[in-house]
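Each remark here refers to the structure printed beneath this line.
Each ligand, and each atom within it, is numbered from 1 in the order the structure gives.
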Amino acid sequence: MHLTKEEEAILDGDKGPVQERMFRLLVRLGEIYGAERMIPVGSVQVAGVSFKSIGIPGTEFLEDIASKRERVKVLTFLNPAGMDMEDWRSLGFPAEFARNQIRIMDAFREMGIVITSTCTPYLAGNLPRFREHIAWSESSAVSFSNSVIGARTNREGGPSALAAALCGVTPDYGFHRDEGRVPQVVVDVEADLRSNSDFGAAGYHIGKAVKDRVIYFRGIRDANTDQLKALGAAMAASGAVALYHVEGLTPEADAFSDVRGLEAITVEDSDVKATYEKLNTGKEPDIIFLGCPHASLREIADLAAEVDGKTLRKPVWIATSRVMKEAAERMGYVKVIEAAGGRVVADTCMVVSPLEEMGFKTTGVNSGKAANYLPGFCKQNVVFANIPDLIREVVR
Ligand code: F3S
């Protein structure tokens, strides 16, 4: 890699041992992937936040960095934590888990990281612009920012994102470069996708088929941002799709509309139906946990409308960012959901929280991504359906 004099000096230890170690990690990554230089990033999103994911070794690693008074160089947000940082007691999170989660958040705060723990940072105060270079970790946030916004990020790991935050740069390879954004496969959507869970089911099916290739979609005539985030999240979970273009909808699609010669895959109603059947491994949910990826204000409003005046006989939680929860409180949506017996849960989600430790065995979700991860990460059986069907199951 070509490094500037200042960058060479960091490797020589001029800026202290943490900078040296973090910068070395970025250089190593750049060398592996053939980057020629470092590029500045506008923002970072760091994953590896839940105590469930990083345990005591990860907690001590973060505390060590924080104790050396290292500060991030750019706007940096966090992926969801393992619990709601304010309401963990009333939601039943274990006290020992909470103690460790608080240590992790304290360490991040010490580093100057914004303690907004969400996989939808673009809805919560960290919105990149078109073509801006960023270093984000969470796969659905990566997919959304690359595809729907047209910002540029690789799928960073927790350590490489933290290194980018502390150094303010990332190696220039992959999705940062024009050639990394060219479609490699066409997906023709013939299925009639209506609900967000339909988009999640289709995404799960497509991710399995295309793996990590860049997609050019045809046939999606209309989709709102919630549906695109559901689609992208599922494709990133079942495959490793980090960038897709949708004809007529996403900002770079026009530039890549010449897809002659590419393999084309067709998604039909029968594929979506088969995916619902495959992902349904449970029957009676102990809990319905929505908000994967973290819910937008519109999704919280829709849930409020769905449960308004009803009585829920099982917990119904919807995960979102703290910022979005506060907006939902002001609009009265939280009150309506709580009156029915549900909860709006901030800072965390069904996959990174210790659901299995909290006694839940079967979780109802409307997310293809959550349905993909819950069996492995949380030992859950899954009921996968759209929100009206899920709520119908648990209304008294
Ligand atoms: Fe977000 Fe958790 Fe889903 S991080 S995308 S809500 S698994």
Original post:
Under a heavy-atom criterion of less than 4.0 Å, does P80 contact ligand 1?
Top reply: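 So P80 counts as touching ligand 1.
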Original post:
Among the heavy atoms of A141, does any lie under 4.0 Å from an atom of ligand 1?
Top reply: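 In this structure, A141 fails to qualify as a contact of ligand 1 - no heavy atom is under 4.0 Å.
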**OP:** In sequence, state the C-alpha distance, the side-chain angles, and the governing distance for V345 and T320, and then conclude on side chain to side chain contact (heavy atoms under 4.5 Å, CB included).
**Re:** CA-CA 6 Å; V345 178; T320 191; over 6 Å; no
Original post:
Is the ring centre of F144 less than 6.0 Å from the ring centre of Y122?
Top reply: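 Centroid separation for F144 and Y122: below 6.0 Å.
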**OP:** Identify the two heavy atoms, one from S117 and one from M105, that lie closest to each other, and give their separation to 0.1 Å.
**Re:**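 Scanning both residues completely, I find the closest heavy atoms to be OG-CE, 3.0 Å.
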Subject >> Shortest protein contact, atom 1 (Fe) of ligand 1 (heavy atom only) >> reply: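 Among all protein heavy atoms, the one nearest atom 1 (Fe) of ligand 1 is C119 SG, 2.3 Å.
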Original post:
Hey, are N126 and Q45 close enough side-chain-wise for a donor-acceptor pair under 3.5 Å?
Top reply: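 Short answer, no.
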Original post:
For residues Y244 and N146, is any side-chain donor paired with an opposing acceptor at under 3.5 Å?
Top reply: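 Y244 vs N146: no donor-acceptor pair found between side chains.
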Subject >> Per-residue contact class, C292 against ligand 1 - non-hydrogen pairs under 4.0 Å >> reply: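 Looking at C292 and ligand 1, atoms from backbone and side chain both fall under 4.0 Å.
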Original post:
Is K229 salt-bridged to E299, going by a charged N under 4.0 Å from an acidic O?
Top reply: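 Here K229 pairs with E299 in a salt bridge, since their nearest N and O are under 4.0 Å apart.
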Original post:
Should you measure from each heavy atom of S140, which atoms of ligand 1 turn up under 4.0 Å away?
Top reply: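 The list of qualifying atoms is 5 (S).
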Subject >> Where ligand 1 meets V351 - atom numbers and elements under 4.0 angstrom, heavy-atom basis >> reply: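 Those atoms are 7 (S).
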Original post:
Any N/O/S of C349 under 2.8 Å from atom 2 (Fe) of ligand 1?
Top reply: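 It does: C349 brings an N, O or S atom closer than 2.8 Å to atom 2 (Fe) of ligand 1.
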